[in-house]
Amino acid sequence: MELVRTGVARTFAEVRQWACEMGPKRVGVVLADDEVALTAAVEAMRSRIASPVLIGDERKIKARAESLGFSDLVTEAEFVPATDEDAARLAVAMARAGEIDILMKGHLRTDQLLHPVLDKEKGLRTGRLLCDVAFFEHKEGNSTRLVGIADGGLNPAPTLAQKKQIVLSAIDLLHCMGVEHPKIAIMSAVEVVSDAMPSTVDARSLTEMCAAGEFGSAEVFGPLALDNALLEWAAKIKGISSPVAGHADCLIVPTVEAGNMLAKSINFLVGCEFGHVVIGAKVPILIPSRVERAADKINAMALGVLYASR
């Protein structure tokens with residue numbers, strides 16, 4: 001019986017709880033002889049969020065897991081033998097066949113994983129742009145809510161058409177988190193449209209698309225700067241009248257540099273709980289960094305489970 005949830009996931013603790021109730025989902029870890037990926041896999045398994053499927057050299061993976069003290073992972077995980085050259089293609093084929101629900105990067109580069117994902121004949125294309133959507137816990141007085149950032153990982157300088165797809169993907173993920181009417185802020189450095197700043201022109205165009213009904217029940221508005229996207233008092237001082245201003249559920253950044261620096265500042269300098277997932281393919285994809293905290297990896301896995309359960 002499909003689980004029906006009510007309300008909105010406002011913290012990562014709630015996201016993880018939802019994922020436990022929806023999971024466990026089968027997570028294919030590509031070339032799993034990797035400390036970062038194995039740590040994420042074992043914590044997700046212990047949390048009953050995921051069932052790891054470890055793809056690669058079984059002897060090397062087991063040896064690595066044992067050296068990290070993950071004997072329960074060796075006992076409970078499924079192992080799928082594959083060479084270094086074939087592991088990503090095999091994982092993608094398993095995802096196409098419905099044998100795994102989520103892909104996770106192991107001991108290979110992100111581009112090596114995404115290459116077979118994007119294969120036109122045998123990949124996981126859906127017609128939607130792949131994009132990395134991150135979330136952090138934003139504190140507002142005594143309350144907390146999750147706010148997204150997209151795209152800080154994959155698309156260097158998205159065109160207007162690509163930004164539209166990123167917005168649509170962010171809306172999809174927010175729906176999975178219980179947000180019925182997502183508020184999407186199109187970000188720039190200023191709140192007024194200027195031909196000298198192309199991101200503001202794109203923001204106006206996306207706002208007009210929203211007014212034309214192209215984003216369904218979501219509210220999409222811009223340009224907005226960071227302060228008046230998240231802080232109601234800042235939006236009021238600037239005289240910005242939009243339901244998005246001061247209450248954004250997701251920040252659509254103009255370039256990957258802006259998104260990457262914003263996300264890392266929030267994660268590493270402020271210390272907010274954090275998690276990110278690549279969506280747009282037939283299954284969600286996890287690309288954990290070696291510097292991410294263990295909790296961030298579990299949060300990412302939980303986001304993947306929510307999206308895979310849609």
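The CE atom of Met177 sits 13.0 Å away from atom CG of Asp172, with the distance rounded to the nearest 0.5 Å. Rounded to the nearest 0.5 Å, atoms CD (Glu257) and CE (Met261) are 6.5 Å apart. The SG atom of Cys176 sits 9.5 Å away from the CH2 atom of Trp18 when rounded to the nearest 0.5 Å. For the atom pair Arg59 CZ and Asp33 CG, the distance stands at 9.5 Å (nearest 0.5 Å). Rounding to the nearest 0.5 angstrom, the gap separating the CG atom in Leu54 from the CG atom in Leu73 is 5.0 Å. Between Leu129 atom CG and Asn155 atom CG the span is 4.0 Å, to the nearest 0.5 Å.
Under a 3.5 Å cut-off, the side chain of Glu66 and the backbone N or O of Ala63 do not form any donor-acceptor pair. Of the possible donor and acceptor atoms, none in the side chain of Glu43 sits under 3.5 Å from a partner among the backbone N and O of Ala40. At least one donor-acceptor pair under 3.5 Å links the side chain of Gln162 to the backbone N or O of Thr159. In this structure a side-chain-to-backbone donor-acceptor pair under 3.5 Å is present from Arg125 to Leu118. Side chain of Arg26 to main chain of Glu99: a donor-acceptor pair is present (N/O by atom type, distance under 3.5 Å, no hydrogens or angles). With hydrogens and angles ignored, the 3.5 Å screen pairs no side-chain donor or acceptor of Thr144 with any backbone N or O of Glu140. Side chain of Asp151 to backbone of Asp132: a donor-acceptor contact under 3.5 angstrom is found.
Using a 4.0 Å cut-off between charged side-chain N and carboxylate O, Lys297 and Glu292 make no salt bridge.
Taking all atoms of both residues into account, the shortest heavy-atom contact from Cys210 to Ala218 is SG-O, 3.5 Å. The minimum heavy-atom distance linking Gly271 with Arg293 is given by the pair O-NH1, 3.6 Å. Nearest heavy-atom pair, Ile100 versus Ala91, reported as atom, atom and distance to 0.1 Å: CD1-O, 3.4 Å. Pairing each heavy atom of Val147 with each of Ala248, the nearest pair is CG2-O, 3.8 Å. Between Ala245 and Ile240, the shortest heavy-atom contact is CB-CG2, 3.7 Å. Among all heavy-atom pairs drawn from Gly275 and Asn299, the shortest one is CA-CB, 4.1 Å.
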Derivation and outcome, side chain to side chain contact (heavy atoms under 4.5 Å, CB included), residues Leu174 and Cys250: CA-CA 8 Å; Leu174 284 161; Cys250 188; 4.0 Å; yes
Test salt bridge (Lys or Arg N to Asp or Glu O under 4.0 Å) applied to Arg10 and Glu14, step by step: CA-CA 7 Å; Arg10 298 184 63 85; Glu14 292 176 356; over 6 Å; no
Asp101/Lys25 under salt bridge (Lys or Arg N to Asp or Glu O under 4.0 Å): CA gap, chis, key distance, verdict: CA-CA 6 Å; Asp101 306 300; Lys25 292 293 185 182; 5.0 Å; no
Side chain to side chain contact (heavy atoms under 4.5 Å, CB included) between Leu262 and Leu226, worked out: CA-CA 10 Å; Leu262 175 58; Leu226 183 62; 4.1 Å; yes
Worked verdict on Val291 versus Phe268 for side chain to side chain contact (heavy atoms under 4.5 Å, CB included): CA-CA 9 Å; Val291 296; Phe268 299 123; 3.6 Å; yes
Derivation and outcome, salt bridge (Lys or Arg N to Asp or Glu O under 4.0 Å), residues Arg16 and Glu273: CA-CA 12 Å; Arg16 293 191 297 269; Glu273 278 214 49; 3.3 Å; yes
Stepwise side chain to side chain contact (heavy atoms under 4.5 Å, CB included) test for Phe136 and Leu146: CA-CA 6 Å; Phe136 66 94; Leu146 292 167; over 6 Å; no
Side chain to side chain donor-acceptor pair (under 3.5 Å) between Thr83 and Asp86, worked out: CA-CA 5 Å; Thr83 64; Asp86 294 334; 3.3 Å; yes
Audit row: Asp249, Arg145, salt bridge (Lys or Arg N to Asp or Glu O under 4.0 Å) steps and yes/no: CA-CA 9 Å; Asp249 295 308; Arg145 65 186 182 91; 3.6 Å; yes
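Residues Pro223 and Ile186 form no side-chain contact, since every pair of their non-hydrogen atoms from C-beta on lies 4.5 Å or further apart. When side chains are defined from C-beta on, Lys122 counts as touching Asp119, because their heavy atoms get closer than 4.5 Å. The side-chain heavy atoms of Ile298 and Ile49, taken from C-beta on, include a pair separated by under 4.5 Å. Looking at heavy atoms from C-beta onward, Glu78 lies out of side-chain contact with Ser51 at the 4.5 angstrom threshold. A 4.5 Å side-chain heavy-atom check between Glu219 and Ser242 finds every atom pair outside the cut-off. Between Glu137 and Lys139, some side-chain heavy-atom pair lies under the 4.5 Å cut-off. A 4.5 Å side-chain heavy-atom check between Phe70 and Arg46 finds at least one atom pair inside the cut-off. Using a 4.5 Å heavy-atom threshold, the side chains of Phe215 and Met209 count as touching.
Residues Val283 and Leu303 do not share a hydrophobic cluster, clusters being chains of Ile/Leu/Val/Met/Phe/Trp/Tyr side chains in contact below 4.5 Å. Criterion: ILVMFWY side-chain heavy atoms under 4.5 Å apart, direct or through other members. Under it, Val305 and Tyr307 are part of a common hydrophobic cluster. Residues Val92 and Ile55 are members of one and the same hydrophobic cluster, defined by side-chain heavy-atom contacts under 4.5 angstrom among Ile, Leu, Val, Met, Phe, Trp and Tyr. Cluster annotation: Val30 and Val27 are assigned to distinct hydrophobic clusters (Ile/Leu/Val/Met/Phe/Trp/Tyr, side-chain heavy-atom contacts under 4.5 Å, transitive). Transitive grouping of hydrophobic side chains (ILVMFWY, heavy atoms separated by less than 4.5 Å) brings Val8 and Val15 into a common cluster.
Annotation for His107: atom NE2 does not count as buried by contact number, only 12 or fewer foreign heavy atoms lying within 6.0 Å. Atom CG of Asp111 sits in a crowded spot, with more than 12 heavy atoms from other residues, nucleotides or ligands closer than 6.0 Å. Taking a 6.0 Å sphere around NZ of Lys282, one finds it holds more than 12 heavy atoms contributed by other residues, nucleotides or ligands.
Note that Lys183 lies outside the cation-pi zone of Phe221, set by a 6.0 Å cut-off to the ring centre and a 45° limit from the axis.
For the side-chain contact (heavy atoms from CB on, under 4.5 Å) with Val278, the lone residue among Leu154, Val133, Leu113, Leu103 that qualifies is Leu154.
Relative orientation of the His276 and Phe274 rings is tilted, given thresholds of 30° and 60° on the angle between their planes.
Using a 3.5 Å distance cut-off with no hydrogens or angles, the side chains of Arg128 and Ser169 do pair a donor with an acceptor.
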